[in-house]
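Let me begin by presenting the structure, written as structure tokens, before commenting on it.
Labels below follow one simple rule: chain letters A, B, ... track the order of the sequence lines, proteins then strands, and each chain is numbered from 1.
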Number of protein chains: 2
Amino acid sequence: MVKITDVARHAGVSPSTVSYALSGKRPISAETRARVEASIRELGYRPHAGARALASNKSNVLAMVVPLRAGINVPVVMQFAVSVVTTAREHDHDVLLLTQEEGEEGLRRVADTALVDALIVMDVQLHDPRLPLLRALDRPSVLIGFPADPAGLTCIDLDFKAAGELCVEHLAGLGHRVIGLIGSPPEVYVRQTAFAQRVVQGFTAAAARLGMSSTVHPCEATPAAARTVAERLLREQPALTGVVIHNEAILEPLIDAFEHLGLRIPTDLSLTALCPDELAETLPVPVTSIAIPSREVGEQAVHLLMSKLDNTPVPSATLLRPRLTARASTAPRTM
Amino acid sequence: MVKITDVARHAGVSPSTVSYALSGKRPISAETRARVEASIRELGYRPHAGARALASNKSNVLAMVVPLRAGINVPVVMQFAVSVVTTAREHDHDVLLLTQEEGEEGLRRVADTALVDALIVMDVQLHDPRLPLLRALDRPSVLIGFPADPAGLTCIDLDFKAAGELCVEHLAGLGHRVIGLIGSPPEVYVRQTAFAQRVVQGFTAAAARLGMSSTVHPCEATPAAARTVAERLLREQPALTGVVIHNEAILEPLIDAFEHLGLRIPTDLSLTALCPDELAETLPVPVTSIAIPSREVGEQAVHLLMSKLDNTPVPSATLLRPRLTARASTAPRTM
DNA sequence: GCGTGACGTCGAAGCGCTTCGACGGGGGAA
DNA sequence: TTCCCCCGTCGAAGCGCTTCGACGTCACGC
């Protein structure tokens with residue numbers, strides 16, 4: 001193994017000079033720097049990560065906790081993870097992968113052993129048991145998702161309220177006046193995270209603001225429930241021409257159900273959904289949708305962390321603007 | 001930060017004794033060990049990862065390179081990754097996540113900086129550019145998949161030849177005598193990896209051994225190609241009653257195609273596939289299938305690496321026995 | 001012409017841990 | 001009883017790097 005003293009000897013300087021040439025923390029003359037760099041290249045020198053971490057008290061590694069529980073969309077998680085790794089590398093950091101299974105102990109371990117400098121935690125629940133720990137840890141962290149009480153934490157997520165609004169505005173812009181929201185299973189609205197409520201808030205607020213007639217229907221994630229809710233929607237709002245769906249699992253069953261009820265999409269009924277683009281694109285009718293911008297979330301999460309690492313203050317909450325992709329499922333109102 | 005000297009003082013022993021109590025590398029009396037452990041607990045001591053890595057020349061971190069290219073099945077990769085992390089933790093190791101995008105330079109970096117002790121590389125291609133590097137690196141590695149020349153490497157994968165055989169044997173056991181293999185797109189057989197050929201070899205060999213009539217048909221991953229190949233199969237082998245499919249993308253189109261041709265599954269035609277269980281289960285007709293045992297591959301890969309890390313010799317090639325899950329798409333021959 | 005910085009470099013101290021050699025004491029073999 | 005060896009523990013020497021203080025040199029301003 002070639003070490004910094006080898007480089008120093010080869011370049012005819014002291015080890016500290018090599019270090020400074022590498023880090024730029026002190027001015028080094030152009031010639032010296034060039035000589036050092038040449039030696040580094042010639043000898044194939046790579047600083048030892050452990051030694052560096054010990055001396056500098058920085059490991060240049062981030063921890064990323066990925067969720068495992070059922071119901072998460074794996075490709076979305078993966079996209080996010082890749083984006084985190086890529087962005088971290090741009091900032092000269094590596095990423096340690098933790099499973100949610102490891103829980104609080106895992107977080108504490110990697111933080112307390114100084115294995116990582118900072119942490120990214122995905123899939124944060126409303127009353128996540130990890131919150132007290134994350135607040136107490138001596139290393140910065142960023143959470144994906146908003147807990148009930150984000151005080152003292154840094155959180156980032158899609159602005160679900162704005163997403164709900166955007167769906168409504170899109171439908172309103174196409175002339176629709178009577179709309180419905182088909183949501184997630186009822187339990188999602190009480191447990192877990194708050195994003196489902198936020199969508200409803202945005203939906204309702206925008207509909208009211210735009211003078212539209214609207215209803216909200218939670219729905220179980222089964223095809224049977226999808227059929228039922230579709231029927232009920234039409235019964236309760238016969239003039240319905242627009243629907244917002246926030247329930248990936250039954251997107252396809254819902255489309256089927258509406259078509260079996262004699263509604264053509266988008267001629268008779270416009271549909272817009274909150275779901276991954278991948279899903280929206282591959283449905284029998286490509287659906288106008290808002291996706292969680294996983295790439296952007298990952299990037300921003302790393303940027304937030306980097307700021308915290310060099311003591312730049314960051315906003316406690318970062319809400320990402322939703323972007324709606326228009327597809328074949330929405331059209332101007334015809335009736 | 002509480003360090004080993006703090007623990008030593010608190011327990012009334014020397015730092016080296018604490019170290020030995022922790023590592024077990026030298027005998028320590030029960031009482032001393034107990035006292036040390038109590039102090040550790042009381043003070044909340046955690047050894048500094050960097051210091052440990054520097055002094056012991058072991059980081060207790062593995063690198064895992066995950067593939068990004070199109071065509072990989074993301075949930076399978078994720079399952080595998082989770083299994084690697086979980087197994088690594090059981091061996092007191094953590095996992096650093098690298099994207100394939102980082103390429104050879106990424107591997108060299110984490111290895112040369114001693115950030116990781118060993119590497120797991122997924123999605124290894126026949127002539128993978130990383131092979132020479134992996135051979136030259138001073139750290140052990142395990143590859144998922146077999147390159148053209150595995151000499152000097154440690155590889156693990158599903159035994160695709162045995163998988164091909166197992167499909168045939170399953171069909172033979174049900175009385176089928178005339179079978180076909182619908183394979184991957186032609187280019188898969190020349191480029192990339194060798195697993196597609198292996199399936200064909202197993203299929204052909206088993207069919208010959210069992211005195212069955214068989215044909216092999218590569219097939220593009222498009223619904224149109226699926227229809228064409230289905231028709232051709234029936235034209236060329238009118239007595240066909242069993243089909244093996246090694247092409248996840250067109251499983252569903254193929255089922256449709258056969259049914260449109262008037263064949264009921266499994267009454268008239270038995271289908272067995274190589275595909276993830278998740279897919280096999282959710283098709284209109286649940287398909288008898290062999291899945292890549294991602295969980296087991298991950299576990300074994302880590303075990304292999306651990307053996308290499310403590311200089312236990314390991315087999316150069318590990319082929320995992322295929323396991324076939326019978327579902328609704330196969331039945332005894334009726335005609 | 002001399003003080004004053006800023007620049008560029010060096011040497012040494014340490015980061016927190018592991019590990020090696022050494023050493024005292026006790027038990028078993030001779 | 002004596003010798004030897006092993007057990008349990010200690011002290012010290014690093015592991016390879018960063019960083020702090022120091023120092024010489026040069027240019028500039030007064």
(request) On DNA chain D, check which nucleotide each of Pro15(B) and Ala30(B) is closest to and give me the residue with the more 5' one. (result) Ala30(B)

(message) Under the criterion side-chain hydrogen bond (donor to acceptor under 3.5 Å, both in side chains), I'd like the reasoning laid out for Ser14(A) against Thr17(A): C-alpha separation, chi angles, the key distance, then a yes or no.
(response) CA-CA 5 Å; Ser14(A) 79; Thr17(A) 300; 3.2 Å; yes

(request) Let me know the distance between NZ of Lys58(A) and C1' of dT18(D), rounded to the nearest Å. (result) 11 Å

(message) Categorize Pro47(A) for me: base, sugar-phosphate, or nothing, with a 4.0 angstrom heavy-atom threshold over every strand shown.
(response) sugar-phosphate

(request) Could you tell me whether Glu102(B) and Arg109(B) have a side-chain N and a carboxylate O separated by less than 4.0 Å? (result) yes

(request) Would you kindly give the CZ-to-P distance between Arg9(B) and dG11(D), to the nearest whole Å? (result) 13 Å

(message) Side chain of Lys3(A), heavy atoms from C-beta onward: which of dC17(D), dC10(C), dG16(C) has the nearest atom to it?
(response) dC17(D)

(message) As a test of reading the structure: which of dG16(D), dT9(C), dT19(C) is closest to the side chain of Ala55(A), going by heavy atoms?
(response) dG16(D)

(message) Can you measure Arg33(A) atom CZ to dC7(C) atom C1' for me and round it to whole angstrom units?
(response) 13 Å

(request) Please state whether the base of dC20(C) and the side chain of Tyr20(B) form at least one donor-acceptor pair under 3.5 Å? (result) yes

(request) Before accepting this row, confirm whether a basic side-chain N of the pair Arg46(B)/Glu105(A) lies closer than 4.0 Å to the acidic partner's carboxylate O. (result) yes

(message) Checking contacts here: which listed nucleotide (dC17(D), dC10(C), dT19(D)) is nearest the side-chain heavy atoms of Ser14(A)?
(response) dC10(C)

(request) Between Thr17(A) and Arg46(B), name the one whose nearest nucleotide on DNA chain C is closer to the 5' end. (result) Thr17(A)

(request) Before accepting this row, confirm whether a basic side-chain N of the pair Arg35(A)/Glu31(A) lies closer than 4.0 Å to the acidic partner's carboxylate O. (result) no

(message) Rounded to whole Å, please give me the gap between NE2 in His48(A) and C1' in dG14(D).
(response) 13 Å

(message) Quick check for you: among dG16(D), dT9(C), dT9(D), whose closest atom lies nearest to any side-chain atom of Ile28(B)?
(response) dT9(D)

(request) Decide if atom CD of Glu278(A) counts as having more than 12 heavy atoms of other residues, nucleotides or ligands within a radius under 6.0 Å. (result) no

(request) Would you kindly give the CD-to-P distance between Glu31(A) and dG8(C), to the nearest whole Å? (result) 9 Å

(message) Considering every strand and a 4.0 Å limit on heavy-atom distances, what is the contact class for Ser29(B): base, sugar-phosphate, or nothing?
(response) sugar-phosphate

(message) Let's see if you can work this out: which of dT19(C), dC10(C), dG16(D) has an atom nearest to the side-chain heavy atoms of Val13(A)?
(response) dC10(C)

(message) Does Arg26(A) contact dT19(D) through a side-chain donor or acceptor facing the base, at a distance under 3.5 Å?
(response) no

(request) Starting at atom CG of Asn57(B), determine the distance to atom C1' of dC17(D), rounded to an integer number of angstrom. (result) 14 Å

(message) Tell me whether Lys3(A) is salt-bridged to Asp6(A), with the criterion being a basic N under 4.0 Å from an acidic carboxylate O.
(response) no

(request) Give a yes/no answer on whether the side chain of Arg52(B) brings an N or O atom under 4.0 Å of OP1 or OP2 in dG16(C). (result) no

(message) Can you work out whether Gly12(B) or Ser56(B) has the more 5'-proximal nearest nucleotide on DNA chain D?
(response) Gly12(B)

(message) Whole angstroms only, please: what is the CG-P distance between Leu54(A) and dC17(D)?
(response) 12 Å

(request) Round to a whole Å and report the spacing from CD1 of Ile4(A) to P of dT19(D). (result) 11 Å

(request) Between Ser16(B) and Gly50(B), just flag the one whose closest nucleotide in DNA chain C comes earlier from the 5' side. (result) Gly50(B)

